[in-house]
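Structure first, then comments.
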Amino acid sequence: MPTDTKRIRGPEASQSPSVFLSKVATKRPSSTSPRVDGRQRGQVDVRPVFVRCGLVSQAKGSAYIEAGNTKLMCCVYGPREMERKDETDMKCGRLMTDMRFAPFSCPERGSWIQGSEERDLSLMLLESLRPGVCLHKYPRSQIDVNVMVLENNGSVLAHAVTCASLALADAGIEMYDLVIGCSIRQDGDTYLTDPTFLEETTRWATSDSLENQGSLTVAFLPSLNQISGLQSDGEIGENTLTAGVRTCIDGCYKLYPVVQQALTKTVRRKAPPAES
């Protein structure tokens, strides 16, 4: 059998790079110890955010957001004619969301096939975005929102909401307001704002009680002062849940100027030059 001389053949035997990583003993932090990235517990301390719009030329609108090591890309297509005629609404348009993880985005390699977690996140994203979009302006039309998680380091749903809202605005879709997302990880009497992947998947409380152990994600319309979406997991008391919602709202207000500035730069870049 002739050999392929144009292909670089790999070694016959290989090992995973994770075998050569040095294993550092991790000490379980207490409820009063600072977080790994230096942020403080019990404070509205979100990660620095980098936002950019209009990166994908083939899409009607696009946005990229980076918060720490969490990186997401969103593309918006439409409005266009609905694919299924039997689902056409003469008075209101239809918003479609699709959120997926890249195979290399998580510590364990995933698949391109959409799983149950991705379907749940797509539904939560749809419920968070729909109140902020003027769908009555687009009858018999469909707007597709596709979010791709390039790297998952926590608070994926919250940043997906912000990224998708920016992409919709970049596409020129009429909206009532930008939708900003923020999440917290409740850890007993304290909380972690904008948690990382390690903080989301680890139980840090020193006590054996399961009370007030969970996560909370809020989608917020800052200009209208309205909540468009809320997702809560775990065992969280009523008073703690109310305080957590207020904390997420404060975090959304902190992110709002950054998102506004990024959108303003995009509009100025796309504006035609002024006539002399």
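We number each residue from 1, following the sequence as shown. None of these values were measured; they are calculated from a predicted model.
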Open item on the list: Show every salt bridge (Lys or Arg N to Asp or Glu O under 4.0 Å) that has at least one partner inside residues 165-174, sequence neighbours left out.
Closed with: D170-K270
Task: Shortest non-hydrogen separation from V56 to S62 and the atoms involved - done: N-OG, 3.0 Å
Task: Test item: M82 and M96 side chains (from C-beta on) under 4.5 Å apart, heavy atoms - done: no
Task: Distance-minimising heavy-atom pair for C182 and C248 - done: CB-O, 3.5 Å
Task: Residues in salt bridge (charged side-chain N to carboxylate O under 4.0 Å, His left out) contact with D98, at least two apart in sequence or another chain - done: R100
TODO: Please report the shortest heavy-atom distance between C163 and A63, naming the atom on each side.
DONE: SG-O, 3.4 Å
TODO: If a pair satisfies salt bridge (Lys or Arg N to Asp or Glu O under 4.0 Å) and one of its residues is in residues 60-80, list it, with sequence neighbours excluded.
DONE: K71-E151, R80-D144
Open item on the list: Among residues at least two apart in sequence or on other chains, which ones pass side chain to side chain donor-acceptor pair (under 3.5 Å) with S165?
Closed with: none
TODO: Evaluate the side-chain proximity of V218 to T247: yes if any heavy-atom separation is below 4.5 Å, no if none is.
DONE: no
TODO: Return yes if some donor-acceptor pair links the side-chain N/O of E200 with the main-chain N/O of R185 below 3.5 Å, else return no.
DONE: no
Task: Partner residues of Q40 under the side chain to side chain contact (heavy atoms under 4.5 Å, CB included) criterion, sequence neighbours left out - done: Q43
Task: Beyond-backbone contact of Q213 with Q186, side-chain heavy atoms, under 4.5 angstrom - done: no
Task: Minimum side-chain heavy-atom gap V49-L255 below 4.5 Å - done: yes
Task: Pairs involving residues 236-253, ordered by first then second residue, that meet salt bridge (Lys or Arg N to Asp or Glu O under 4.0 Å) (sequence neighbours left out) - done: none
Task: For T217, side chain to side chain donor-acceptor pair (under 3.5 Å) partners two or more places apart - done: none
Donor-acceptor pairs are to be reported for all side-chain atoms of residues 260-267 against protein atoms at under 3.5 Å, with residues two or more places apart or in another chain.
{"unit_1": "Q260", "atom_1": "NE2", "unit_2": "Y256", "atom_2": "OH", "d": "3.3"}
{"unit_1": "T264", "atom_1": "OG1", "unit_2": "Q260", "atom_2": "O", "d": "2.8"}
{"unit_1": "T266", "atom_1": "OG1", "unit_2": "A262", "atom_2": "O", "d": "3.0"}

- [ ] Look at the side chain of S122 and the backbone N and O of E118, then say whether any donor-acceptor pair between them is shorter than 3.5 Å.
- [x] yes
Open item on the list: Per the ring pair (Phe, Tyr, Trp, His ring centres under 6.0 Å) rule, what does the pair list look like for residues 211-241, sequence neighbours excluded?
Closed with: F220-Y253
Task: D233: side chain to side chain donor-acceptor pair (under 3.5 Å) partners, not counting sequence neighbours - done: Q231
Task: salt bridge (charged side-chain N to carboxylate O under 4.0 Å, His left out) involving R130 - partner list, sequence neighbours excluded - done: none
Task: Side chain S228, main chain S128, donor-acceptor under 3.5 Å - done: yes
Open item on the list: Among residues at least two apart in sequence or on other chains, which ones pass side chain to side chain donor-acceptor pair (under 3.5 Å) with S105?
Closed with: none
Open item on the list: Please tell me whether T196 and N153 have a donor and an acceptor in their side chains that are separated by less than 3.5 angstrom.
Closed with: no
Open item on the list: Given 3.5 Å as the limit, does a donor-acceptor pair link the side chain of S141 with the main chain of P79, or not?
Closed with: no
Task: Contact check, side chains of Y138 and I173, non-hydrogen atoms, under 4.5 Å - done: yes
